[in-house]
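What follows is a set of notes on a single structure, which appears directly below.
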Amino acid sequence: MQTSEITDPYKWIISQTVERVKETLSELGYEVDLNTLLELVEEPSVEAYGDFSLPLFKIAKKYKVNPIKLASNIVENLSSKMPAYLIDVKNVSGYVNFYINYPEATKLLFNVVRNLGEKYGYVPVDKPKRIVIEHTSANPVHPLHIGHGRNSVIGDTLARLLRKRGHIVQTRFYVNDLGRQVAVLLYGYINAGRPKPPENIKPDKWLGQLYAVTNTLIEIYELKREAEKTKEADEERYRELVARLDTLLAVASELRSVNPELFDILAENLKSKDNEAEIQELMKKLEYREDPKLEEDLRRVVELCLKGIRETLRVLDIDFDKWDYESDLTWSSHVKKILEIAFNSPYFTYYKNAPAIDLTKLANKDLYRKLGIRLSMEIPPLILQRSDGTTLYTTRDLAYTLVKFNDFKADMVINVIGAEQKLPQAQLKLALYALGFKREAVNLVHYSYEMVNIPGMKMSSRLGRMITLDEIIELMLEKARREVEKRTTLTTPEEREEVVKAIAIGAIRYTLISTSATKPVVFDMDQALSFETNAAPYIQYTHARANNILRKHREKYGEINWETIDYKAVEENRKRKQLVKLALKYPSTIAKAADDLKPEILVEYVNKLADTFNSWYQEDPVIHELNPGKRNLKAAITYTIKIILANTLETLGIKAPPRM
RNA sequence: GGGCCCGUAGCCUAGCCAGGAUAAGGCGCCGGCCUUCGGAGCCGGAGAUCCCGGGUUCAAAUCCCGGCGGGCCCGCCA
């Protein structure tokens with residue numbers, strides 16, 4: 001392989017080395033697979049133990065030999081003819097420790113970086129996959145809140161990351177417009193006399209209020225009726241109901257103060273109706289397309305809400321390739337077809353008197369492992385239809401999953417959905433498998449994430465108690481604006497505002513993506529708003545500084561002269577070596593983050609890189625370096641780091657302003 | 001009652017899947033650095049029974065079993 005073909009220099013160095021180890025082992029009579037060896041390679045915990053190392057315990061055990069003896073054999077062989085990118089090999093208590101020849105490795109790094117330029121870090125897989133990512137998919141009944149924010153940021157970042165890995169990605173938003181929640185909103189909208197949305201309020205916010213008022217009133221009237229009935233019969237139950245009623249009345253009074261006219265009309269109109277029955281009727285009419293006027297209302301309300309949601313997402317730099325409507329899906333033949341297959345399936349059954357798919361027969365270790373489901377999970381049958389014949393969300397999701405696979409000819413479908421939906425997502429997979437869609441079942445990924453909590457706040461969008469994502473964005477912008485005014489070197493208001501946006505949005509995205517999805521996030525505003533290290537503005541600032549150094553270098557000395565770089569000088573300073581090593585590892589870091597679907601790996605990496613770079617240029621100045629060979633080395637390091645910072649931020653969906 | 005996820009310094013987080021050499025960062029705290037490329041920065045310091053108890057192993061934060069604590073799920077909602 002020519003160096004011009006190398007995209008991942010660190011992997012290249014390691015595999016060159018490991019191949020020699022394999023040969024040595026082979027000469028000693030131990031045949032070990034190359035990949036096995038590569039997997040064993042690890043990063044020593046202490047710098048003194050070298051740049052990378054190979055623990056020999058497993059191999060030694062397999063062949064019943066002393067690991068220290070084995071290590072010494074390997075070291076002897078490699079030392080006699082040192083591989084090009086190594087300077088030393090040592091045998092320490094069963095490990096072989098490898099020391100990189102930094103001048104050579106730096107030369108390799110710069111060759112790759114010069115060759116790929118802005119594309120450094122882009123390591124396409126051999127066989128790109130077609131991947132659909134469905135994310136956000138919020139019910140179009142209220143504005144997005146911080147939990148949706150986590151979903152959107154995860155989905156969008158995964159899309160960017162997988163594209164960087166060469167996959168062909170399509171993002172989709174599933175508009176859940178036939179669920180109960182939209183029906184409630186629609187019911188409220190109609191009973192409020194189809195009011196025109198006010199001009200001075202974002203449409204999703206206004207609809208959120210309408211939704212919350214409707215919901216709260218329905219619950220209040222329901223509770224009142226129930227309380228009336230139990231008053232004499234069951235005193236304990238009665239008291240419980242009254243207590244719940246009290247809380248709801250408090251919520252109602254909050255809601256009324258926000259929008260009194262709307263509240264009063266609905267309070268009057270819902271008072272003496274059987275609201276539950278009417279909503280059920282409404283859902284039925286929608287699913288069976290019995291009322292064109294109703295469909296018109298539905299579309300109007302949903303579009304209005306989506307308009308607001310889209311606006312929020314655009315601010316976060318998130319867009320979608322496709323918007324899918326649950327109603328379109330249901331009204332087309334897709335759902336009907338899947339029902340037909342289900343009714344004729346050997347897994348078909350009745351559960352709680354409703355048509356269902358029996359999934360218990362599929363509970364076996366091998367299948368569950370293949371589908372990524374825990375065997376200890378008890379999975380009840382999947383109910384397909386309500387007694388009135390209307391379908392349920394998961395039934396329609398069954399059809400939708402097939403649409404996602406077929407429409408895009410996808411090899412894999414990733415659903416970014418909260419952890420609270422693990423059970424229905426497992427049912428979905430198993431049902432697909434049961435109905436014969438085995439490939440789809442295996443390649444359907446539920447990317448599950450935990451909740452986002454705001455300290456001191458119990459959120460409920462049903463009751464209209466929540467901080468919206470818009471409000472959080474607004475707060476972040478204000479704070480960013482104050483900080484920028486304090487520190488910026490930029491002069492025009494336009495430039496400043498652009499940086500304000502970059503910082504505020506970056507800080508939100510960074511906070512939401514930096515914690516592993518399996519952990520709940522506490523969205524502490526003050527912490528997210530802090531511009532300290534380990535936050536997006538810190539990375540952006542580091543990038544701007546690197547950019548600044550390069551600009552000054554160019555003004556004073558012209559372009560970097562790669563031919564005159566003094567590679568030996570990389571060894572003069574420990575941090576130069578650390579930076580070279582980190583830069584070498586960038587492509588494999590991107591690859592791992594993408595392959596493991598773990599963007600937080602990239603966050604961890606870029607932080608380390610920024611830290612190291614900041615401390616380096618402080619002790620080892622670039623522009624003031626008098627020796628041209630060394631100066632070009634330093635400028636080339638700076639250039640490399642700048643490219644990596646910019647690429648990483650781009651992958652995380654965070655803007656990297658050249659100046660701040 | 002059953003299931004899923006989480007538990008790492010005062011606080012937040014990485015490492016756990018594929019066990020390995022002195023547990024890695026950040027916030028906060030204490031002390032230092034503004035005449036050198038932008039102080040949104042840098043240097044130094046204190047701070048950890050890796051929730052607890054067993055087990056497997058030459059070796060456990062990591063794997064297995066049993067507890068404890070927190071969140072979530074167990075609907076003809078999504």
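Worth knowing before you read on, the calculation uses all heavy atoms, side chains too, and leaves out hydrogens, waters and symmetry mates.
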On a whole-Å scale, what distance lies between the C1' atoms belonging to B:rG69 and B:rC77? 30 Å
Polar side-chain atom of A:Arg509 near backbone of A:Leu652 as donor-acceptor pair, under 3.5 Å: yes
Between B:rG26 and B:rG41, how far is it from one P atom to the other, in whole Å? 11 Å
Integer-rounded Å distance: B:rA18 C1' and A:Leu38 CG: 14 Å
Between A:Arg551 and B:rG38, is there a side-chain N or O to OP1/OP2 distance below 4.0 Å? no
What about A:Ser516, does its side chain sit under 3.5 Å from the base of B:rA14 through a donor-acceptor pair? no
A:Gln618 near the nucleic acid: base, sugar-phosphate alone, or nothing, with a heavy-atom cut-off under 4.0 Å? base
Would you say A:Lys575 places a side-chain N or O within less than 4.0 Å of OP1 or OP2 belonging to B:rC43? yes
In the 5'-to-3' direction, what one-character label does each nucleotide of nucleotides 60-65 of chain B receive under the scheme B = base within less than 4.0 Å of a protein heavy atom, S = sugar-phosphate only, - = no such atom? ------
Value in whole Å for how far the C1' atom of B:rA23 lies from CD of A:Glu42: 14 Å
So which atom in A:Cys305 and which in A:Asp204 form the shortest heavy-atom distance, rounded to 0.1 Å? O-CB, 3.7 Å
Using a heavy-atom cut-off of 4.0 Å across all strands, would you classify A:Tyr49 as base, sugar-phosphate, or nothing? base
Taking the P atom in each of B:rG39 and B:rC63, what is the distance between them to the nearest angstrom? 45 Å
Nucleotide B:rU36, atom C1' - distance to CG of A:Asn548 in whole Å: 14 Å
Side chain of A:Asn97 only, please: which of B:rA40, B:rA21, B:rC6 is the nearest? B:rA21
Thinking salt bridges, do A:Asp324 and A:Arg172 make one under a 4.0 Å N-O criterion? yes
Expressed in whole Å, how much space separates the P atoms belonging to B:rA18 and B:rG55? 24 Å
What about A:Tyr174 and A:Tyr325, are their ring centers closer than 6.0 Å? no
Can you see if the side chain of A:Thr515 gets near the phosphate of B:rC12 - specifically, an N or O under 4.0 Å from OP1 or OP2? no
Does the A:Tyr400 side chain pair with the main chain of A:Thr395, one donor and one acceptor, at a distance under 3.5 Å? no
Separation between the P atoms of B:rG53 and B:rG45, rounded to whole Å: 32 Å
Whole Å only: how far is the CZ atom of A:Phe523 from the C1' atom of B:rC27? 16 Å
Would you indicate, yes or no, if B:rU13 has its OP1 or OP2 atom less than 4.0 angstrom from a side-chain nitrogen or oxygen of A:Tyr510? no
Does the structure place the NZ or CZ of A:Arg374 under 6.0 Å from the centre of the six-membered ring of A:Tyr368, at an angle of no more than 45° from the ring's axis? no
Protein-nucleotide distance (A:Asn573, atom CG; B:rC43, atom C1'), rounded to Å: 14 Å
Got a donor-acceptor contact below 3.5 angstrom from the A:Lys90 side chain to the A:Tyr49 backbone? no
Which nucleotides of nucleotides 71-78 of chain B have their base under 4.0 Å from a protein heavy atom (B), which only their sugar-phosphate (S), and which neither (-), written as one string 5' to 3'? -SS-SBSB
Keeping the roles fixed (side chain from A:Thr488, backbone from A:Val484), state whether a donor-acceptor pair exists under 3.5 Å. no
For A:Asp620 and A:Lys634, what are the C-alpha separation, side-chain angles and deciding distance, and is it a salt bridge (Lys or Arg N to Asp or Glu O under 4.0 Å)? CA-CA 9 Å; A:Asp620 193 18; A:Lys634 292 179 179 184; 2.8 Å; yes
For B:rG19, give the paired nucleotide (Watson-Crick: N1-N3 plus N6-O4 or O6-N4; G-U: N1-O2 and O6-N3; both under 3.5 Å), or none. none
Tell which nucleotide pairs with B:rC29, taking only Watson-Crick or G-U wobble pairs whose two distances are both under 3.5 angstrom. B:rG45
Base, sugar-phosphate, or nothing: which does A:Ile503 touch, judged by heavy atoms less than 4.0 Å apart? base
Out of B:rG3, B:rG25, B:rU36, whichever nucleotide has its closest atom nearest the side chain of A:His624: B:rU36
Please report, rounded to the nearest Å, how far the C1' atom of B:rG25 is from the CD atom of A:Gln578. 14 Å
Any idea which of B:rC6, B:rG39, B:rG25 is nearest the A:Tyr541 side chain? B:rG39
Can you tell me, in whole Å, how much space there is between the C1' of B:rA23 and that of B:rG47? 14 Å
Have a look at A:Lys634 and say if it touches a base, only the backbone sugar-phosphate, or nothing, with a 4.0 Å heavy-atom cut-off. nothing
When the C1' atoms of B:rG71 and B:rU49 are compared, how many Å lie between them, rounded to an integer? 25 Å
Select base, sugar-phosphate, or nothing to describe what A:Lys592 touches, counting heavy atoms under 4.0 Å on all strands. base
Using a cut-off of less than 4.0 Å, is there contact between a side-chain N or O of A:Lys519 and OP1 or OP2 of B:rA14? yes
What nucleic acid atoms does A:Ser530 come within less than 4.0 Å of, heavy atoms only: base, sugar-phosphate, or nothing? nothing
Taking atom P of B:rG2 as reference, at what distance in whole Å does atom CD of A:Glu378 sit? 10 Å
I need the OH-C1' distance between A:Tyr605 and B:rG15, as an integer number of Å. 18 Å
Step by step, would you call A:Glu483 with A:Lys486 a salt bridge (Lys or Arg N to Asp or Glu O under 4.0 Å)? CA-CA 5 Å; A:Glu483 294 293 323; A:Lys486 243 192 318 206; 3.6 Å; yes
Can you check whether A:Lys58 has a side-chain N or O nearer than 4.0 Å to OP1 or OP2 of B:rG19? yes
Taking the P atom in each of B:rC68 and B:rC58, what is the distance between them to the nearest angstrom? 32 Å
